[in-house]
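Below is one structure, written out as C-alpha cells; comments come after it.
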Amino acid sequence: MALASQIISPSQQFLLILRTHSLIHICFFDLRLQMLSRLSSRSIRFFNSISSIELTQHPKAGTCLSVDLSNGKTDTNVQVPLIWFRDHCRSVNAYNHTTNQRKSKMLNLFEESRISDRSAVTYDAKQLSINWADGHKTVFDSADLIKMLVKPQQKQPRDLYHLWNGSTIGPLPTVQNSSFSFPEFSQKFVQFGFVSVEGIEQTPEATEKFARSIAPIHDTYYGAFWTFNNKAEQQENYHEDTAYSNEEIGPHTDGTYFPQSPGIQVFHCLRPADRGGKTVLVDAFAAAERLKAENPSAYQILTTTPIDHHYIEKGENPLFSWAPSKPVIELSADGGYAQIRFNPYDRAPLRLSLNGGKGLSTPEDVTAFYEAYQAFSRICHDPTMAVKIQLMPGTVIFIDNLRVLHARTAFSGYRQMCGCYLSRDNLMAKARLHVGEETRLQV
Ligand SMILES: C[N+](C)(C)CCCC[C@H](N)C(=O)O
Ligand SMILES: O=C(O)CCC(=O)C(=O)O
C-alpha cells in the first residue's frame, strides 16, 4: 500500500475523494485496484546484502552494531543493540534446530550480551562473528542475518493479495478435485479470499471428508458439520437465525459474536432453489480500501471504534454468545488488514460510556459512528463490488471469513445447503509454505 500510494499521484487521490458521482468513484477505484494488482507481480524492494558492520555507541541504548544494508540500488543503515545478536544466536547451545525453538529462558540476556573489547566483533566474508565476554561465540551468515533482522518495507494490502471487485476479479478462483493441488488451492485462497473446488461428490459425507482434508473443523453450537435448508420442521439442528429461512441475507461475515470468529466458511449447495438463492461475495479488504480513499474519517472511526455483537437463542437450548468490543475493520500491528467484522444483523446494542469513560459518549460520537458504518455498508452493498454466483451441487466453496463477505439472495422452493467452518490458523500453517518466502510473514 505504501508503494501503491507513491504510484497513484496525489492529484488522483484528491479526485478520488472530491468527486461525488459514484461512477467516477468506481472508475478511479478500479484504477487503484488495477495498480495494486499490477504491483503484485513486482518483486518486493528488499535489502539483500550487508556492506559493512561496525561497533558503535548509542547515547541511550548502549553498545550497538551499525549495519549498512543495500539492495543494489539503495543503501540504508540500522543500529542494532548487542542484545539482539545474543538473542538471535543460532549456535546449538542457544537454539534447538530440530524444534526451531530458542533455548533461552531470557533471565540473564543483558548480562550475557557483553563483549570485552572492540576485537570481539568481526565482519568479513559475509560472516559476522561475536565473541561474548562469557566465552560464548555467535556466528551469523549475512543472508540469514538479514532474514531475521529486516521487515519488508511495504504494508498490506500486500503484494500477495489480489484485491478485487466485480469487474476486476477476472476468472473466478477454481480448482478441480480430479487434479487437486494443495499449493494451487492455497495460493488462490490467499490471493482472492475464496476458492471453489469442483467435482466433489454431492453428499454431506463426501463434503465433510474433503473439508477435513483441507483443515480441521472449527466446531460451534451449529454442529461440526451442518446441513441446513428452509424447512424448519425438517432440520435436526435448527437454529433461530435467518440462515434457516428463505429470506435475503445481505453481505456479512459470520460469527462476529465469537471472540474467535470462524476463519473459513465452507458451503456446498446440495439442492439449489427453484428461483433465487444465489451467493454474493464481496472483498471487504477492497471495500475498506475504497472507504479509506473516499471517506478517510469514516475509515478512521471503523478502524478504531470497538463495537459488540451477539447471538441470542431462547427455546430448549438457550444461547447467549457475545464478543466484546472489536472494530469493524481491525488492522494488524503493521497497519494491514487483520479482520473485517461486518454483520449489521448481529450487532449488539451500541452502549454509550457515561462520565467521560472510554468509548462512544457524545451525540457527535454516535452520529459519526453511524455515518461511518452506513458509508461502509453502502460500499459493501454496492453491486459493482460483488461477485454473484449460483452454487451448484458438486462445487464446494471455501471463503475467508476474515476478509470476504458472503450474502444470499431470497429464494423460492426447497434449497439444501451443507458445510462447516474450518480453522483458518491451521489452513494457513500449511498454505504459508506455498506463498513464497518473502510474503510468508505477511499473511
Ligand atoms: C452457517 N450456519 C448456517 C451454520 C450458521 C449461520 C450463522 C448465521 C449468523 N447470523 C452469523 O452470521 O454468524
Ligand atoms: O444460505 C446461504 O447461502 C448462506 C447463509 C448464510 O449467510 C450463513 O449461513 O451465514
Side-chain angles (χ1 to χ4, degrees), residues 194 196 204 207-208 211 217-232 234-282 284 307-315 317 319-323 326 328 339-348 377 380-381 386-393 395-424:
F194 72 98
S196 298
T207 312
E208 178 171 356
I217 285 192
H218 177 131
D219 199 353
T220 62
Y221 46 69
Y222 296 114
F225 190 86
W226 14 268
T227 51
F228 65 99
N229 58 46
N230 50 318
K231 296 263 177 290
Q234 284 180 14
Q235 322 198 37
E236 259 174 50
N237 205 351
Y238 172 76
H239 286 273
E240 292 161 1
D241 189 276
T242 22
Y244 301 81
S245 70
N246 64 356
E247 287 168 41
E248 177 199 1
I249 309 176
H252 65 280
T253 56
D254 269 26
T256 46
Y257 41 81
F258 290 123
Q260 189 194 2
S261 307
I264 300 170
Q265 170 92 255
V266 181
F267 285 132
H268 187 175
C269 182
L270 295 173
R271 170 141 173 204
D274 297 340
R275 281 189 33 221
K278 293 229 163 66
T279 297
V280 174
L281 301 173
V282 175
I307 64 163
D308 305 346
H309 292 86
H310 68 201
Y311 180 93
I312 301 172
E313 271 200 44
K314 299 187 184 73
N317 299 302
L319 293 165
F320 192 99
S321 190
W322 184 72
K326 288 285 188 182
V328 174
Q339 177 174 357
I340 307 293
R341 290 178 183 78
F342 180 72
N343 194 324
Y345 313 107
D346 293 340
R347 281 175 309 118
S377 186
C380 293
H381 287 81
V387 163
K388 200 185 223 183
I389 45 183
Q390 173 66 65
L391 293 180
M392 293 303 283
T395 297
V396 181
I397 190 164
F398 294 76
I399 306 167
D400 184 346
N401 189 51
L402 308 193
R403 167 176 169 189
V404 171
L405 313 176
H406 62 279
R408 71 139 193 252
T409 62
F411 61 93
S412 57
Y414 180 70
R415 174 178 182 262
Q416 199 192 7
M417 299 282 281
C418 71
C420 57
Y421 298 126
L422 294 182
S423 161
R424 189 179 181 281

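Counting starts at 1 for both ligands and their atoms, following the listed order. Computation of the quantities below employed the complete heavy-atom set of this structure, encompassing side-chain atoms and omitting hydrogens, waters and symmetry-equivalent molecules.
- Comparing His406, Gln416, Met417 against atom 6 (C) of ligand 2, the shortest heavy-atom distance belongs to His406.
- Near Phe228, meaning under 4.0 Å from any of its heavy atoms, are these atoms of ligand 2: 1 (O).
- Aromatic ring centres of Tyr311 and Tyr345 lie farther apart than the 6.0 Å criterion allows.
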Could you walk me through whether His218 and Arg424 pass side-chain contact (heavy atoms from CB on, under 4.5 Å), step by step?
-> CA-CA 9 Å; His218 177 131; Arg424 189 179 181 281; over 6 Å; no
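- In terms of protein heavy-atom proximity, atom 3 (O) of ligand 2 is closest to Arg415 NH2, 2.8 Å.
- The closest protein non-hydrogen atom to atom 7 (O) of ligand 2 is His252 CE1, 3.0 Å.
- The aromatic ring centres of His406 and Phe267 sit less than 6.0 Å apart.
- No option in Thr395, Leu391, Ile389, Thr279 other than Leu391 meets the side chain to side chain contact (heavy atoms under 4.5 Å, CB included) test with Cys269.
- Protein heavy atom closest to atom 5 (C) of ligand 2, with residue, atom name and distance, is Arg408 NH1, 3.8 Å.
- Closest to atom 9 (O) of ligand 2, if we only count protein heavy atoms, is Ala243 CB, 3.7 Å.
- In this model, a donor atom of one side chain and an acceptor atom of the other lie less than 3.5 Å apart for Tyr421 and Asp254.
- The closest non-hydrogen atom to atom 10 (O) of ligand 2, taken over Asp254, Ile399, Ile249, comes from Asp254.
- The protein non-hydrogen atom at the shortest distance from atom 4 (C) of ligand 2 is Phe267 CZ, 3.8 Å.
- Under the 30°/60° scheme for interplanar angles, the aromatic rings of His381 and Phe342 are found to stand perpendicular.
- For ligand 2, the polar-atom distance check finds no N/O of Thr279 at less than 3.5 Å from any of the ligand's N/O atoms.
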Stepwise side-chain contact (heavy atoms from CB on, under 4.5 Å) check, Ile399 with Ile264 | CA-CA 5 Å; Ile399 306 167; Ile264 300 170; 5.9 Å; no
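- With hydrogens and angles disregarded, no donor-acceptor distance shorter than 3.5 Å links the side chain of Arg403 to the backbone of Asp400.
- Between Val328 and Arg341, every side-chain heavy-atom pair lies at or beyond the 4.5 Å cut-off.
- A donor-acceptor pair shorter than 3.5 Å cannot be found between the side chains of Thr227 and Gln416.
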Show me the short polar-atom pairs for ligand 1: any N or O of it lying under 3.5 Å from a protein N or O, with distances only.
unit_1: ligand 1; atom_1: 10 (N); unit_2: Asp241; atom_2: OD1; d: 3.4
unit_1: ligand 1; atom_1: 10 (N); unit_2: Asp241; atom_2: OD2; d: 2.7
unit_1: ligand 1; atom_1: 10 (N); unit_2: Asp346; atom_2: OD2; d: 2.9
unit_1: ligand 1; atom_1: 12 (O); unit_2: Asp254; atom_2: OD1; d: 3.1
unit_1: ligand 1; atom_1: 12 (O); unit_2: Asn343; atom_2: ND2; d: 3.0
unit_1: ligand 1; atom_1: 12 (O); unit_2: Asp346; atom_2: OD2; d: 3.4
unit_1: ligand 1; atom_1: 13 (O); unit_2: Gly255; atom_2: N; d: 2.9
unit_1: ligand 1; atom_1: 13 (O); unit_2: Tyr257; atom_2: OH; d: 2.5

